[in-house]
2 protein chains.
Amino acid sequence: MDGTADSREGMLSRMALNDNKAGMEGLDRDKINNIILEASKGSRFYVNEVKKEQQVNERIGKMMRHKAKLTEQQIQKAQLSAELEMGRELGRVIVHVDMDAFYAAVEMRDCPELKDKPMAVGSMSMLSTSNYHARRYGVRAAMPGFIAKKLCPNLVIVPLNFDKYTAVSEQVREVFAAYDPHFLPMSLDEAYLDITEHLHERQHWPESMRSYKSCDNEVPVETDNLSPVLFEDSPSSSPSLPGSDGKVEVFGTSPEEAVREMRFRIEQKTSLTASAGIAPNMMLAKVCSDKNKPNGQYSILPERQAVMDFIRDLPVRKVSGIGKVTEKMLAALDIFTCAQLGQQMRVLSLLFSETSWHHFLQISLGLGSTRIERCVTLPALSIRVTEPLPLSEM
Amino acid sequence: MDGTADSREGMLSRMALNDNKAGMEGLDRDKINNIILEASKGSRFYVNEVKKEQQVNERIGKMMRHKAKLTEQQIQKAQLSAELEMGRELGRVIVHVDMDAFYAAVEMRDCPELKDKPMAVGSMSMLSTSNYHARRYGVRAAMPGFIAKKLCPNLVIVPLNFDKYTAVSEQVREVFAAYDPHFLPMSLDEAYLDITEHLHERQHWPESMRSYKSCDNEVPVETDNLSPVLFEDSPSSSPSLPGSDGKVEVFGTSPEEAVREMRFRIEQKTSLTASAGIAPNMMLAKVCSDKNKPNGQYSILPERQAVMDFIRDLPVRKVSGIGKVTEKMLAALDIFTCAQLGQQMRVLSLLFSETSWHHFLQISLGLGSTRIERCVTLPALSIRVTEPLPLSEM
DNA sequence: ATACATACC
DNA sequence: TACTGGTATGTAT
DNA sequence: ATACATACC
DNA sequence: TACTGGTATGTAT
């Protein structure tokens with residue numbers, strides 16, 4: 001028949017003549033392949049080759065099915081990782097926000113007698129958090145309560161009220177969502193945000209949209225939700241008219257101001273403080289949020305030099321992902337800071353797995369993820385986005 | 001005792017207080033650690049932590065022993081791979097030399113009757129090489145002889161004379177060693193050379209050191225090894241004085257001329273021809289050596305654009321390491337040329353392993369190894385380095 | 001770690 | 001009649 | 001693939 | 001008395 005040549009093309013690429021070689025240009029492939037197949041057909045070799053050919057075809061089928069399932073998202077992500085290989089991305093403003101001593105702070109808020117005492121949340125077996133008073137005794141998260149009691153006999157241990165923390169967390173997340181609807185929560189008390197878009201919009205916002213009333217009550221003010229009025233450009237329309245029971249704070253349009261505002265709103269809403277880090281990537285933002293804890297923030301400007309200056313003397317242990325074991329192993333190599341990490345890359349690349357030393361390399365260059373993607377869509381959040389409390393509403 | 005604190009430092013980093021946390025600055029670590037250890041000692045938890053601590057210490061010990069064994073060479077190599085990640089290295093002149101139809105050529109040289117006939121070396125079960133005449137029938141290496149006979153009934157099959165090929169290979173390698181004592185043989189008939197150093201020296205060589213007598217006899221001329229005389233700069237001292245039975249070839253100082261000279265010397269010595277590729281890395285050099293086969297050479301200039309131009313329409317199958325299976329898989333994705341390979345990197349990075357797509361990426365960028373390292377030191381080569389046959393000796 | 005597949009000469 | 005055999009490296013589990 | 005180790009909250 | 005438990009990811013074989 002006539003179809004033989006074609007079906008052979010597809011089916012017997014293994015057996016057909018490979019004319020990819022000097023001196024073999026322009027041969028009559030069909031004729032030659034006919035002779036080759038005729039001579040081979042039915043032999044053990046032939047049967048084996050056919051089997052292998054089928055294996056390869058299956059593998060290709062698998063690949064094509066895999067390809068068909070790829071979402072645009074995935075391809076996009078791959079594109080990004082390729083871009084990351086190319087160079088540093090400084091264009092995103094990433095924020096890491098971390099509630100201060102979260103569980104302990106909630107309990108202190110709701111039971112003022114605890115405020116002056118060293119206290120911790122958890123049990124005699126395990127503590128989840130301690131307040132700052134208790135920390136002066138060496139009492140901290142992940143310490144068993146009975147040991148903490150030895151360090152600080154007056155320590156008050158409050159049992160966990162998970163439902164309460166969850167409810168407060170919801171309130172905090174509503175604030176997060178106002179700055180980045182795609183924010184990535186890492187636990188009840190911390191999250192990453194990409195506020196790049198927010199900042200762009202914010203540039204055109206009138207002061208009224210950046211003005212918040214300070215209420216001294218511990219409960220959030222957002223009781224009556226009036227119309228979000230008066231978007232006039234003239235600052236005269238809404239100058240600092242002190243409200244009923246508080247003064248007015250006006251926040252600027254810079255990243256730092258936006259984050260101050262976010263922390264202000266969290267505190268107004270929950271009476272709890274948060275700390276934050278602002279940086280061009282997640283790894284740096286996380287380190288920054290710890291820098292001025294509690295109730296503080298720190299930012300790294302989006303410039304290579306600023307990043308490198310920040311990284312230079314940073315202890316490796318400060319970086320998320322470097323725990324006590326890795327810290328100890330690096331210490332054995334006289335590596336304590338990120339700069340030292342960078343200086344020793346050659347040796348590290350020989351002593352650690354590729355994954356590990358690539359991670360080290362990224363750290364030493366101050367690189368990290370610049371895109372935040374929420375893994376799982378959390379339930380019913382960011383739907384009723386928090387209302388700002390503009391001056392006009394006062 | 002006093003030493004406890006220190007031995008604890010080393011031994012119980014897992015249990016000791018981690019004061020790497022806000023609000024825990026300047027605590028009395030020693031006192032706190034004493035209490036922690038006192039409370040823990042002997043418990044099941046404690047015993048387990050000690051065990052893990054020992055594991056970590058062993059791991060560190062292993063790493064340090066590994067580190068101690070690292071040679072400077074290895075660290076050097078690691079340095080290079082880091083550099084490769086940084087950018088393209090165009091400073092080396094890499095050559096791939098490949099003898100033309102080696103075994104067949106040797107047999108034809110030693111048995112002139114074969115010259116006009118289609119012939120191959122091997123057996124009825126398997127052929128190692130065929131001459132160019134036979135290739136016109138589709139007869140090629142890795143084809144069983146009995147099939148080849150069907151394609152070309154007049155085919156002469158000569159059995160393998162391995163010892164002879166080895167001896168000739170030695171002669172060829174002596175020539176290689178004159179251009180790169182560290183050349184890397186890949187088989188009896190091919191090798192990679194880094195002629196960068198040779199070219200630097202060559203710049204200062206007088207013409208006499210680049211002049212070779214052409215002898216028409218089939219046996220190499222190097223019978224009497226006279227003193228390598230006359231290194232004068234004046235070209236007048238040794239102008240083209242035709243030798244006894246041949247004319248004189250003077251080779252220039254460029255990479256192309258050096259390689260032409262090398263091929264000339266191989267032919268003079270063995271009566272066999274070689275083809276060569278010249279490029280800034282091994283991957284490209286290998287492809288180039290195939291381009292003008294037989295008895296030709298091809299070079300890619302050490303410029304990014306030249307590399308990219310060369311790569312653009314190159315079929316992926318031409319690249320060493322891409323075999324029929326990979327070719328077929330890529331073809332299923334409509335990828336045939338290196339440029340297409342580059343265009344599809346995002347999808348490829350999702351469908352293939354990291355090793356594979358990194359390889360593809362390298363290929364698509366025209367990157368390859370720029371340093372040649374001989375894996376195993378071959379026996380007694382490059383010791384009696386070949387004498388050039390300078391004009392002065394004629 | 002293991003078995004197996006790919007690739008090269 | 002008859003489709004190598006050694007080596008390196010990658011893939012899959 | 002599996003078991004286990006590291007890291008985080 | 002008492003040293004979490006869930007998840008993700010990396011390492012070793």
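We name chains A, B, ... by the order of the sequence lines, and we start the count at 1 in each one. Everything numeric here is computed off the predicted structure, so don't read it as measured data.
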Compare every heavy atom of [Y] with every heavy atom of [X], then report the nearest pair and how far apart it is.
| X | Y | result |
| --- | --- | --- |
| B/Leu155 | B/Ala148 | CD2-CB, 3.6 Å |
| A/Leu367 | A/Asn281 | C-ND2, 3.5 Å |
| B/Pro159 | B/Glu107 | O-OE2, 4.2 Å |
| B/Lys324 | A/Arg14 | NZ-O, 3.0 Å |
| B/Pro185 | B/Ala191 | CA-CB, 3.8 Å |
| A/Val97 | A/Ala274 | CG1-CB, 3.9 Å |

Considering only the [atom1] atoms, how many Å lie between [N] and [M], rounded to the nearest integer?
| N | M | atom1 | result |
| --- | --- | --- | --- |
| D/dT4 | C/dA7 | C1' | 15 Å |
| F/dA12 | C/dT2 | C1' | 14 Å |
| C/dA1 | F/dT11 | P | 15 Å |

Roughly, in whole Å, what's the span from [atom1] in [X] to [atom2] in [N]?
| X | N | atom1 | atom2 | result |
| --- | --- | --- | --- | --- |
| A/Asn48 | C/dA5 | CG | C1' | 12 Å |
| B/Leu330 | C/dT6 | CG | P | 13 Å |
| B/His359 | D/dG10 | NE2 | P | 9 Å |
| B/Leu188 | C/dC8 | CG | P | 19 Å |
| A/Phe360 | E/dT6 | CZ | C1' | 12 Å |
| B/Glu327 | C/dC8 | CD | C1' | 15 Å |
| A/Ile322 | E/dC8 | CD1 | C1' | 13 Å |
| B/Leu184 | C/dC8 | CG | P | 16 Å |

(Q) So, taking the atom named CG in B/Leu330 and the one named CG in B/Leu348, what distance separates them when rounded to the nearest 0.5 Å? (A) 6.5 Å
Please classify the nucleic acid contact of [X] as base, sugar-phosphate, or nothing, using heavy-atom distances under 4.0 Å.
| X | value |
| --- | --- |
| A/Lys52 | nothing |
| B/Val47 | nothing |
| A/Asp189 | sugar-phosphate |

Q: Among C/dC8, C/dT6, E/dT6, find the nucleotide with the atom closest to the side chain of B/Arg317.
A: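 Among the listed nucleotides, the one closest to the side chain of B/Arg317 is C/dC8.
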Give every pair of a protein N or O atom and an N or O atom of nucleotides 1-4 of chain C that lie under 3.5 Å apart, one pair per line with the distance.
none

Q) Is there a side-chain contact between B/Ile147 and B/Val139, using heavy atoms and a 4.5 Å cut-off? A)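 B/Ile147 does not reach B/Val139 side chain to side chain.
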Q.
Can you list everything that forms a salt bridge (charged side-chain N to carboxylate O under 4.0 Å, His left out) with A/Arg140? Sequence neighbours excluded, please.
A. none
Do the side-chain N and O atoms of [X] and [Y] include a donor-acceptor pair separated by under 3.5 angstrom?
| X | Y | answer |
| --- | --- | --- |
| B/Ser356 | B/Ser353 | yes |
| A/Ser275 | A/Asp98 | no |
| A/Asn20 | B/Lys318 | yes |

Every protein N/O lying under 3.5 Å from an N/O of nucleotides 11-13 of chain D:
{"residue": "D/dT11", "atom": "OP1", "partner": "B/Ser353", "partner atom": "OG", "Å": "3.0"}
{"residue": "D/dT11", "atom": "OP1", "partner": "B/Ser356", "partner atom": "OG", "Å": "2.2"}
{"residue": "D/dT11", "atom": "OP2", "partner": "B/Ser353", "partner atom": "OG", "Å": "2.9"}

**Q.** A/Phe360 ring center near A/Phe352 ring center (under 6.0 Å)
**A.**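 Yes, they do, as the ring centres are separated by less than 6.0 Å.
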Considering only nitrogen or oxygen atoms on both sides, find all protein atoms under 3.5 Å from nucleotides 2-7 of chain F and state each distance.
{"residue": "F/dC3", "atom": "N4", "partner": "B/Ser40", "partner atom": "OG", "Å": "2.0"}

Q.
Is the positively charged end of B/Arg173 above the ring of B/Phe176, judged by distance under 6.0 angstrom from the centroid and angle within 45° of the axis?
A. no
Q: Map every base of DNA chain E to its dot-bracket character, where paired means a Watson-Crick or G-U wobble contact with both distances under 3.5 Å and | marks a partner outside the strand.
A: |||||||||
**Q.** C/dA7 phosphate, OP1 or OP2, under 4.0 Å from B/Thr326 side-chain N/O
**A.**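 So the side chain of B/Thr326 is within the cut-off, an N or O lying under 4.0 Å from OP1 or OP2 of C/dA7.
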Q) For A/Tyr103, what residues pass the ring pair (Phe, Tyr, Trp, His ring centres under 6.0 Å) criterion, not counting sequence neighbours? A)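 By the ring pair (Phe, Tyr, Trp, His ring centres under 6.0 Å) rule, A/Tyr103 matches A/Phe162, A/Tyr165.
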